Amino acid sequence: MLIKIHKKSDPLSSEITNESVYKARRDFIRTSSTLALGGLTGLGALTASLDTHAVTSQDTHPGKKLSNYKEKVRTVDEPLTPFKDVTHYNNFYEFSTDKEEPAIVARDFNPHPWSIKVEGEVAKPGTYQLEDFIKPHTLEERIYRFRCVEAWSMVIPWVGIPLASIIKRFEPTSKAKFVEMVTLYDPQRMPGQKRAVLDWPYLEGLRMDEAMHPLTILAVGLYGVELPNQNGAPLRLVVPWKYGFKNIKSIVSLRFTEQEPINTWQATNSREYGFYANVNPEVDHPRWSQARERRIGEFLKRKTLKFNGYEEEVAPLYASMDLRKFF
Ligand SMILES: Nc1nc2c(c(=O)[nH]1)N[C@H]1C(S)=C(S)[C@@H](COP(=O)(O)O)O[C@H]1N2
Ligand SMILES: [Mo]
């Protein structure tokens, strides 16, 4: 399978444009604030709305800067979705079913200390502190398209670790056919869990070959900082060819199983959501079309890409399956 590696010395055309447009805007703001000297009352707001790529956002805990990660191990030739949108348009029902509220409700959630349980069909089960879980690995930046089943999408620069290299450490047995992941259950800290909107705790799973695929990562950050709480701090799954709901947040356990797990959305409504959830423009959701999507920040809808644009790399995983049946 082919992983396209872009070197740092080899920036993408879209990024060059972004960078120069961004700089031009900064210069414009600097010039106009020098000239206007308080004459423009709305300047603060203007600066905030143009300054979307800066991570120094004042209205969210801008997590600690991550260092020593390999940049752009994997990327796409499309502009990044601004940090502000990535962190203020969320689905995280443990905090709120609203898109803007997770950033506010999760503000004081403290994801440290954090431990992760590894159990089931593995030679080396155990409970690990987050730091020990991560320590043996090198962090990598992966810029991926992200496509929610609700038909909106983003481009997000994650920082994480290939799930395959984590899994290998625990030595799954020959009976391990799937890996199941679970989100923290703590209604005091995750107030959305006080309401029965979903069957808590949130659970997701992957077939072993999907989990071991080189595109699959566990993310610990985005835009070069630790994951904001609303994006699934301190550890969340990213599987870029699947619908967003597979990308489970705030993970506390990995369980290796022989049986296919029943993921939360499938348990909630098996007529509308399945286990595989591969992005597919040809299979509509029973209540809406999946043929097009709204890229956050864009006006016109764009075509949905099969496997979210990762067909070349992941289609072989499903060669023997009827993709209309296994949604
Ligand atoms: N634990 C948990 N994980 C979750 C969700 C959730 O509500 N709870 N929402 C899912 C859905 S539907 C989407 S689209 C993505 C959203 O991730 P983002 O807010 O970081 O963009 O997280 C997924 N992971
Ligand atoms: Mo979603």
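Because the structure is predicted, anything quoted here is derived from the model rather than measured. For the single chain, residues carry numbers from 1 onward in sequence order. Whatever order the structure lists them in is the order used to number ligands and atoms, beginning at 1.
- Think of V283 as one node in a network of Ile, Leu, Val, Met, Phe, Trp and Tyr side chains linked at under 4.5 Å; its network also takes in F327.
- For Y202 and Y185, the distance between ring centers is not under 6.0 angstrom.
- A distance below 6.0 Å separates the ring centres of W265 and Y273.
- The shortest N or O to N or O distance between N90 and ligand 1 is under 3.5 Å.
- Both the backbone and the side chain of F245 come within 4.0 Å of ligand 1, judged by heavy-atom distances.
- With a 4.0 Å heavy-atom cut-off, ligand 1 is reached by the side chain of F146 but not by its N, CA, C or O.
- For ligand 1, one of its N or O atoms has an N or O atom of R236 under 3.5 Å away.
- Relative ring orientation between F275 and F178 is described as perpendicular, the plane-to-plane angle rising above 60° on a 0-90° scale split at 30° and 60°.
- Near N231, meaning under 4.0 Å from one of its heavy atoms, ligand 1 places the atoms 18 (P), 20 (O).
- When heavy-atom distances to ligand 1 are checked against a 4.0 Å cut-off, T183 comes that close only through its side chain, counted from C-beta outward.
- Relative to the ring axis of F170, K124 does not place its NZ or CZ within 45° and under 6.0 Å from the centre.
- Applying the salt bridge (charged side-chain N to carboxylate O under 4.0 Å, His left out) test between E204 and each of K246, K242, R236 identifies K246 as the sole match.
- The proximity of K246 to ligand 1, defined as any non-hydrogen pair under 4.0 Å, does not occur for either the backbone or the side chain.
- Distances between N or O atoms of W158 and those of ligand 1 include no value under 3.5 Å.
- Here the side chain of T216 pairs no donor or acceptor atom with the backbone of L163 at under 3.5 angstrom.
- Checking only distances, E94 does come within under 3.5 Å of ligand 1, N or O to N or O.
- Nearest to atom 6 (C) of ligand 1 by heavy-atom distance, out of Y243, W265, Y273, Y202, is Y202.
- E150 and K99 are joined by a salt bridge, as a carboxylate oxygen and a charged side-chain nitrogen come within less than 4.0 angstrom of each other.
- Of the listed residues (K249, E150, M154, Q230), the one carrying the non-hydrogen atom nearest atom 19 (O) of ligand 1 is K249.
- If you check each of T264, N91, T81 against atom 11 (C) of ligand 1, the one with the closest non-hydrogen atom is N91.
- Here is the list of ligand 1 atoms found below 4.0 Å of a heavy atom in N247: 22 (O), 23 (C), 24 (N).
- By the 6.0 Å contact criterion, CG on D199 is open, its count of non-hydrogen atoms from other residues, nucleotides or ligands being 12 or less.
- Set against the non-hydrogen atoms of C148, the atoms of ligand 1 under 4.0 Å away are 14 (S).
- Scanning the protein heavy atoms around atom 7 (O) of ligand 1, the nearest turns out to be Y93 N, 2.8 Å.
- Checked against the 6.0 Å centroid criterion, the rings of F95 and F92 qualify as a close aromatic pair.
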